[in-house]
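This is the structure, below, for whatever I ask next.
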Amino acid sequence: MSAAAAAAAAAATNASKIAQRSVGKLSPDKCAFFLCDIQDRFRPLIYNSQTIINTSNYLTSMANELSVPIIATQQYTKVFGPTVTDCFANGQEDLDRLVGMGRVFEKKKFSMMTDQVQELMGSEEFRDRHSIVLFGIEAHVCVQQTCLDLLEMGKEVHVVCDGVSSQQSFDREIALGRMAHAGAFLTTAQSIAFMLMQTADHPNFKAVSKLTVNHMKLPNEFNNK
């Protein structure tokens, strides 16, 4: 292949990638889940916190079924406590496993994109994961700053609207608009599930569908607006 032909092929490949990413499609081997600062101290303070926790449980269970890696952060754990164990199907056991894998990061920076997280994102396992599914708290602080940092890095960000909140509903509302305006995709947990599978022929369809049915039985406080 000539140099010109190779350059043309590379340009076509890049254009195809840009076109594919611009519409926000997801696949399990190209994405990662980011769980932002859902910690014990915040639990009674956050608007619709139980829905955030229920949605996080659904998302982490989904990630496990579809082999999507999870990265979690904790803001100043000494003060705000550890990640809420109800965010995981098996509670403390799942959280401990995530800690053991080196996937839970302590931080004081508001964004999740600490030096340690950026180093992990540059590793072989994460290097090609260009799509980030983002959920947690608070929407207008840590979630928003994480989202903007990821967008600046060239990542595609999917903000799970039923999985993010703030202490004040108004802050949440403005933050969602701010992130969307910056280029993030606003979505829901259930939409994420079915986009990752693409078809009812997916080998994990029954397992994820069961998770979905069980999640839908729980009250979604955002439906009450």
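Sequential numbering from 1 along the given sequence is applied to the chain's residues. Worth knowing before you read on, the calculation uses all heavy atoms, side chains too, and leaves out hydrogens, waters and symmetry mates. Source: prediction; values computed, not measured.
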**Asked** Who are the side-chain contact (heavy atoms from CB on, under 4.5 Å) partners of Gln167, not counting sequence neighbours?
**Response**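 By the side-chain contact (heavy atoms from CB on, under 4.5 Å) rule, Gln167 matches Leu45, Ile46, Glu138.
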
**Asked** Is there any ring pair (Phe, Tyr, Trp, His ring centres under 6.0 Å) pair reaching into residues 136-169, and which pairs are they, with sequence neighbours excluded?
**Response**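 Checked against ring pair (Phe, Tyr, Trp, His ring centres under 6.0 Å) - neighbours excluded - the pairs reaching residues 136-169 are His158-Phe185.
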
**Asked** Which is it for Thr85 and Thr83 under the side chain to side chain contact (heavy atoms under 4.5 Å, CB included) test, yes or no, and what are the steps along the way?
**Response** CA-CA 6 Å; Thr85 56; Thr83 300; over 6 Å; no

**Item:** Within-4.5 Å side-chain heavy-atom neighbours: Ile132 and Glu156
**Value:**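 Not touching, per the 4.5 Å side-chain cut-off.
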
**Asked** Measuring from Thr188:OG1 to Asp162:CG, what's the distance to the nearest 0.5 Å?
**Response**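 One gets 5.5 Å once the value is rounded to the nearest 0.5 Å.
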
**Request:** Please test Ile71 against Leu120 for side chain to side chain contact (heavy atoms under 4.5 Å, CB included), starting from the C-alpha separation and ending with a verdict.
**Result:** CA-CA 9 Å; Ile71 292 175; Leu120 179 61; 3.7 Å; yes

**Request:** Return the minimal non-hydrogen interatomic distance between Asn54 and Pro219, and the atom names on each side.
**Result:** ND2-O, 4.3 Å

**Prompt:** What's the spacing between Ile53 CD1 and Leu218 CG if we round to 0.5 Å?
**Reply:**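 One gets 12.0 Å once the value is rounded to the nearest 0.5 Å.
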
**Request:** Taking the side chain as every heavy atom from C-beta outward, state whether Cys161 and Leu176 have any atom pair closer than 4.5 Å.
**Result:** yes

**Request:** Kindly write out the residues that satisfy side chain to side chain donor-acceptor pair (under 3.5 Å) with Glu106, not counting sequence neighbours, or none if the list is empty.
**Result:** Thr77

**Prompt:** Can you hop from Val143 to Phe170 via hydrophobic side chains spaced under 4.5 Å?
**Reply:**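 In one cluster: no.
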
**Prompt:** Is the side chain of Ser166 donor-acceptor paired with the backbone N or O of Ser169 at a distance under 3.5 Å, no angle test?
**Reply:**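 Not at all, since once roles are kept as given, no pair shorter than 3.5 Å links the two residues.
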
**Item:** Residues which pass side chain to side chain donor-acceptor pair (under 3.5 Å) with Thr114, listed by chain and number, not counting sequence neighbours
**Value:** none

**Message:** Restricting to ring-ring contact (aromatic ring centres under 6.0 Å, His included), what partner residues turn up for Phe110, sequence neighbours left out?
**Reply:** none

**Prompt:** Hey, what do you get for NE2 (His202) to CD (Glu65), rounding to the nearest 0.5 Å?
**Reply:**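 Result: 10.0 Å between the selected atoms.
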
**Message:** Looking at every heavy atom in both Thr55 and Gly163, which two are closest together, and how far apart are they?
**Reply:**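 For Thr55 versus Gly163, the nearest heavy atoms are CG2-CA, 3.9 Å.
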
**Message:** If the condition is side chain to side chain donor-acceptor pair (under 3.5 Å), which residues does Asp128 pass it with, not counting sequence neighbours?
**Reply:**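 Once residues adjacent in sequence are excluded, Asp128 has no partner under the side chain to side chain donor-acceptor pair (under 3.5 Å) criterion.
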
**Request:** Please round to the nearest 0.5 Å and tell me the distance separating atom NZ of Lys108 and atom CD of Gln75.
**Result:**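 One finds 9.5 Å between NZ of Lys108 and CD of Gln75.
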
**Fill in**
Between the CG atom in Leu186 and the OG atom in Ser191, the distance rounded to the nearest 0.5 Å is 11.0 Å

Could you pull out all donor-acceptor pairs under 3.5 Å where a side-chain atom in residues 30-37 meets a protein atom, sequence neighbours excluded?
from	atom 1	to	atom 2	distance (Å)
Asp37	OD1	Thr73	OG1	2.7
Asp37	OD2	Lys107	NZ	2.8

**Within-4.5 Å side-chain heavy-atom neighbours: Met112 and Cys142** = no

**Prompt:** Would you say the side chain of Ile52 lies within less than 4.5 Å of the side chain of Tyr47, judging by non-hydrogen atoms?
**Reply:** no

**Message:** According to a hydrophobic-cluster definition based on side-chain heavy atoms being under 4.5 Å apart (Ile, Leu, Val, Met, Phe, Trp, Tyr only), do Met121 and Val159 belong together?
**Reply:**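 Cluster IDs for Met121 and Val159 match.
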
**Message:** I'd like to know if the side chain of Asn57 and the backbone of Phe88 have a donor-acceptor N/O pair within less than 3.5 Å.
**Reply:**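 Looks like yes, one N/O pair under 3.5 Å.
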
**Prompt:** In Å, rounded to the nearest 0.5 Å, how long is the span from CG of Leu150 to NZ of Lys155?
**Reply:** 8.0 Å

**Message:** If I compare all heavy atoms of Ser131 with all of Lys25, which pair ends up nearest, and what's the gap?
**Reply:** OG-O, 4.2 Å

**Request:** Report yes or no: do Ser111 and Asp149 form a side-chain donor-acceptor pair below 3.5 Å?
**Result:**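 Yes - a donor-acceptor pair under 3.5 Å links their side chains.
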
**Request:** Give the C-alpha distance, both sets of side-chain angles, the deciding distance and a yes or no for side chain to side chain contact (heavy atoms under 4.5 Å, CB included) between Val164 and Leu134.
**Result:** CA-CA 8 Å; Val164 301; Leu134 177 61; 5.6 Å; no

**Asked** What about Phe105 and Met153, same hydrophobic cluster or not, with Ile/Leu/Val/Met/Phe/Trp/Tyr joined at side-chain heavy-atom distances under 4.5 Å?
**Response**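 They do share one cluster, since a chain of ILVMFWY contacts under 4.5 Å joins Phe105 to Met153.
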
**Item:** Cluster check Val160, Met195: I/L/V/M/F/W/Y, side chain < 4.5 angstrom
**Value:** yes

**Closest non-hydrogen atom pair between Met62 and Ala189, with its separation** = CE-O, 3.6 Å

**From CA spacing to verdict: side chain to side chain contact (heavy atoms under 4.5 Å, CB included), Ile137, Gln39** = CA-CA 9 Å; Ile137 58 175; Gln39 293 164 253; 6.0 Å; no

**Message:** Could you tell me if the side chain of Pro28 sits less than 4.5 Å from the side chain of Leu196, heavy atoms only?
**Reply:**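 They are in contact (side-chain heavy atoms under 4.5 Å apart), so the answer is yes.
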
**Request:** Would you indicate whether the side-chain heavy atoms of Pro69 and Arg129 approach each other to under 4.5 Å?
**Result:**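 Counting from C-beta outward, Arg129 and Pro69 do come under 4.5 Å.
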
Show me, pair by pair, the donor-acceptor contacts under 3.5 angstrom made by side chains of residues 207-214, not counting sequence neighbours?
from	atom 1	to	atom 2	distance (Å)
Ser209	OG	Phe205	O	2.8
Thr212	OG1	Tyr58	OH	2.7
Thr212	OG1	Val208	O	2.9
Asn214	ND2	Lys210	O	3.3

**Heavy-atom neighbours of Asp115 CG exceed 12 at 6.0 Å** =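 Open.
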
**Contacts of type side chain to side chain donor-acceptor pair (under 3.5 Å), residue Arg103, not counting sequence neighbours** = Glu125

**Asked** Is NZ or CZ of Arg41 both nearer than 6.0 Å to the six-membered ring centre of Tyr76 and within 45° of the ring axis?
**Response** no

**Request:** Please tell me if the side chains of Phe135 and Ser56 come closer than 4.5 Å, counting only heavy atoms from C-beta onward.
**Result:** yes

**Message:** Other members of the hydrophobic cluster containing Met101, with the 4.5 Å side-chain heavy-atom rule, please.
**Reply:**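 Traced through the cluster, Met101 reaches no other member.
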
**Item:** All side-chain contact (heavy atoms from CB on, under 4.5 Å) counterparts of Ala182, not counting sequence neighbours
**Value:**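 Partners of Ala182 under the side-chain contact (heavy atoms from CB on, under 4.5 Å) test: Leu148, Leu151, Arg178.
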
**Request:** Find out whether Asp40 and Pro82 are in side-chain contact, i.e. whether some heavy atom of one side chain is under 4.5 Å from a heavy atom of the other.
**Result:** yes

**Prompt:** Are Phe80 and Val104 connected, step by step, through hydrophobic side chains (Ile, Leu, Val, Met, Phe, Trp, Tyr) whose heavy atoms are closer than 4.5 Å?
**Reply:**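 Per the 4.5 Å side-chain linkage, Phe80 and Val104 are co-clustered.
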
**Message:** Per the salt bridge (Lys or Arg N to Asp or Glu O under 4.0 Å) rule, what does the pair list look like for residues 79-102, sequence neighbours excluded?
**Reply:**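 Residue pairs passing salt bridge (Lys or Arg N to Asp or Glu O under 4.0 Å), neighbours aside: Arg43-Asp86, Asp94-Arg97.
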
